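Worksheet for the structure shown next.
First listed ligand is number 1; within each ligand, the first listed atom is number 1. Fair warning: this is a prediction, and the values are worked out from it, not measured in the lab. Along the sequence shown, residues are numbered consecutively beginning with 1.
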Amino acid sequence: MSYKAFHERSIKDPDGFWGDQAKLIHWEKPFKKVLEYSNPPFAKWFEGGQTNLCYNAVDRHLADRADQVALVSVSTETNQERAFTFKELYSEVNRMAAILKANGVQKGDRVLIYMPMIAEACFAMLACARIGAIHSVVFGGFASHSLASRIDDAKPKMIITAEAGARGGKAVPYKPLLDEAIELATVKPEKVLLVNRGLTEYTTIQGRDLDYAAERQKHLDDLVPVEWVDSTHISYILYTSGTTGKPKGVQRDTGGYAVALAASMKHIFCGNPGETMFTTSDIGWVVGHSYIIYAPLINGMATIMYEGTPLRPDAGIWWQLVEKYKVSVMFSAPTAIRVLKKQDPAFLTKYDLSSLRALFLAGEPLDEPTASWIHGAINKPVVDNYWQTETGWPMLAIQRGVEVMPHKFGSPGVPSFGYNMKLLDDSTGVELGANEKGVIAIEGPLPPGCMQTVWGDDKRFVSTYWETIPGKLIYSTFDWGIKDDDGYFFILGRTDDVINVAGHRLGTREIEESISSHPNVSEIAVVGIEDKLKGQVAIGFAIPKDAGKVDTLEAELMKTVDTQLGAIARPARVYIVTALPKTRSGKIVRRALQAVAEGRDPGDISTMEDQAVLAQIKTIIEENPVKS
Ligand code: ATP
Ligand code: MG
């Protein structure tokens with residue numbers, strides 16, 4: 001079938017289309033209605049149906065693939081590699097579910113998971129799903145303050161953790177941060193279940209803290225029946241990365257999510273049961289929820305959980321794993337590829353990558369030099385895909401399982417099935433045609449798998465996402481983009497990052513693309529700052545590839561922009577820096593750069609990886625102010 005017909009049917013006949021896709025998963029009780037949308041923007045998918053995420057990810061495969069590997073947990077930090085077949089995964093999940101039940105966790109209760117990338121984190125997520133508990137996974141790198149606010153928001157009955165994670169050869173203690181967070185939080189969990197990895201010493205709080213190994217021993221042979229839940233039952237809460245401000249608690253359903261993930265595996269990721277998927281993200285992010293845990297397992301594939309950096313023991317480690325586990329589908333992020341790009345390219349040709357069919361990249365703009373480099377190095381399709389924590393699965397992608405359409409560098413492709421994507425003028429709400437810049441929006445209903453609401457705050461869901469375009473109830477992505485004559489979308493930056501220079505609106509991404517075409521630029525961020533004359537001007541922050549050759553770099557970069565985009569887009573300054581402020585998921589925090597450049601307070605930067613980077617940049621700006 002052609003992409004066009006496939007997509008058109010998904011929009012014009014959602015009942016027929018999604019009714020078909022729903023056959024990809026197991027329903028314990030069939031649904032009565034595919035879509036219930038009488039109260040927009042709240043969509044209910046597969047109403048009346050009952051299913052279970054854990055059953056679909058694990059139990060369902062026992063008949064055909066009990067002895068096939070389901071989960072490989074690799075740590076290059078502790079030098080451990082553990083593999084679990086579907087049967088073994090089933091046993092571990094049952095043990096974990098039994099521990100939860102024995103400690104009073106019931107359907108609808110929240111369980112907060114604050115864990116490194118170890119197999120027990122996967123058991124914990126699936127065990128919650130098994131008993132109908134709602135998990136809230138909090139990225140293991142967050143400090144006590146961020147953790148405390150998530151504890152207060154979700155009010156978990158239990159927290160599952162480990163005493164430490166590890167990064168770059170060093171143990172990163174979790175337990176003291178968790179103790180501090182619980183101290184700070186107003187709502188206290190009853191129990192803390194801790195996986196002791198033997199990495200660091202820690203203190204135990206009697207009556208509250210449970211040792212996982214000891215608890216597991218008590219429930220070795222327990223089997224916990226699957227709790228069949230309504231399709232609309234909440235499966236989890238997950239916070240957005242906080243790149244643009246205070247993180248939002250995204251709430252997701254069960255049945256719609258399972259169907260959307262299964263459909264995405266078939267039509268976008270093209271993974272087959274029995275194969276292996278390797279997603280290099282973290283379970284603390286949406287990519288980890290969807291494509292490390294649920295989607296590959298629902299699809300009967302083995303999945304790899306990886307703890308460590310892409311560079312240890314050397315820059316070939318990921319490709320070594322591809323060879324060893326015959327990975328067919330790999331999913332990573334542009335930021336990780338840029339890290340590899342600085343290494344010897346020989347690492348990419350050293351291993352047998354013949355099992356690999358495609359590399360998927362998402363999370364931030366995939367710049368042309370990075371895309372070409374990785375494509376050239378591995379000689380496989382590189383599939384940029386665009387989505388958000390809110391949507392749970394790609395909104396834009398070349399859907400290779402439907403039709404292998406050509407890739408265009410700089411574009412994540414065309415709208416995924418189920419997504420009625422529009423480009424709108426953000427001040428008038430008018431729909432724009434080809435080659436006009438506007439805000440990317442989705443006409444409701446959001447397809448299955450997308451957020452149901454903001455956890456505990458329906459009003460915030462409506463006002464934050466659906467009421468920003470004048471005169472329309474429409475979901476805003478807060479991303480700025482453009483569509484070409486073939487219907488391919490290009491992301492030009494966040495709506496917050498659009499610069500208005502003397503009446504011309506420019507996405508910071510456009511200027512970044514231009515600057516990154518210079519051979520001595522390894523990374524670049526552009527922001528707009530206030531300017532008395534022009535309204536706004538662009539300011540760049542560039543990390544050079546060769547720090548020894550930067551004397552004339554600023555002038556060269558300005559010239560590059562002049563030639564490619566015109567003088568109007570030329571940044572007032574391009575600061576040469578050694579690092580950029582990033583969230584822990586690796587995204588550049590442009591709003592913080594902008595605040596510092598305008599001499600303002602950067603606001604909530606709790607999800608930022610290394611706060612010293614911003615302080616350094618502040619000093620550089622103070623010593624070399626923007627000339628106006
Ligand atoms: P917050 O909403 O809390 O500010 P965030 O938007 O960074 O955080 P995520 O949901 O992790 O949180 O990121 C989604 C955003 O990432 C998208 O809205 C878009 O700006 C960007 N993004 C994701 N994939 C791509 C892509 N392939 N190309 C360009 N941008 C992308
Ligand atoms: Mg966002």
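- Judged by a 6.0 Å distance limit and a 45° cone about the ring axis, Arg150 is positioned over the six-membered ring of Phe142.
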Determine, step by step, whether Trp393 and Phe417 satisfy the ring pair (Phe, Tyr, Trp, His ring centres under 6.0 Å) criterion, reporting the C-alpha distance in whole Å, the side-chain angles of both residues, the deciding distance to 0.1 Å, and the verdict.
CA-CA 11 Å; Trp393 61 286; Phe417 47 94; 5.1 Å; yes
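- Annotation for ligand 1: atoms under 4.0 Å from non-hydrogen atoms of Trp387 are 14 (C), 17 (C), 23 (C), 24 (N).
- Protein heavy atom at the shortest distance from atom 6 (O) of ligand 1 is Arg494 NH1, 2.7 Å.
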Under the salt bridge (charged side-chain N to carboxylate O under 4.0 Å, His left out) criterion, do Glu523 and Lys545 qualify, and how do the steps go?
CA-CA 8 Å; Glu523 237 181 318; Lys545 268 192 201 135; over 6 Å; no
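- The residue among Glu390, Lys587, Arg591, Glu364 with a heavy atom at the shortest distance from atom 14 (C) of ligand 1 is Lys587.
- Side-chain atoms of Ser516 come within 3.5 Å of backbone N or O of Glu513 as a donor-acceptor pair.
- For the pair Pro247 and ligand 1, the shortest N or O to N or O distance does not fall below 3.5 Å.
- In terms of protein heavy-atom proximity, atom 2 (O) of ligand 1 is nearest to Lys248 NZ, 3.3 Å.
- Taking the six-membered ring for Trp, His135 and His289 have ring centres closer than 6.0 Å.
- Counting heavy atoms closer than 4.0 Å to ligand 1, residue Asp479 contributes side-chain atoms (C-beta onward) but none from N, CA, C or O.
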Under the salt bridge (charged side-chain N to carboxylate O under 4.0 Å, His left out) criterion, do Asp484 and Lys408 qualify, and how do the steps go?
CA-CA 11 Å; Asp484 72 7; Lys408 296 191 187 187; 2.7 Å; yes
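- The nearest protein atom to atom 29 (C) of ligand 1, hydrogens excluded, is given as Pro365 N, 3.3 Å; this is a heavy-atom distance.
- Annotation: atom 21 (C) of ligand 1 to nearest protein heavy atom, Gly363 O, 3.5 Å.
- For the pair Arg338 and Glu364, the salt-bridge criterion is met [side-chain N within less than 4.0 Å of a carboxylate O].
- Atom 7 (O) of ligand 1 has its closest protein heavy atom at Thr243 OG1, 2.4 Å.
- Per-residue contacts place Asn385 under 4.0 angstrom from the following atoms of ligand 1 (heavy atoms of the residue considered): 24 (N), 26 (C), 27 (N).
- Remark: the Trp455 side chain and the Asp457 side chain contain no N/O donor-acceptor pair separated by less than 3.5 Å.
- Applying the 4.0 Å criterion to heavy atoms of Ser241 picks out, from ligand 1, the atoms 3 (O), 5 (P), 7 (O), 8 (O), 9 (P), 11 (O), 12 (O).
- Taking distance alone, with nitrogen or oxygen atoms compared against 3.5 Å, Ile491 stays at or beyond that limit from ligand 1.
- Residue Tyr239 does not touch ligand 1, judged by heavy-atom distances below 4.0 Å.
- Here Asp384 has side-chain heavy atoms under 4.0 Å from ligand 1, and that is the only part of it that gets that close.
- The ring of Tyr174 has its center closer than 6.0 angstrom to the ring center of Tyr114.
- Taking the ring centre of Tyr257 as origin, the terminal cationic atom of Arg252 falls inside the region bounded by 6.0 Å and 45° from the ring axis.
- The protein heavy-atom contact nearest to atom 10 (O) of ligand 1 is Thr389 OG1, 2.6 Å.
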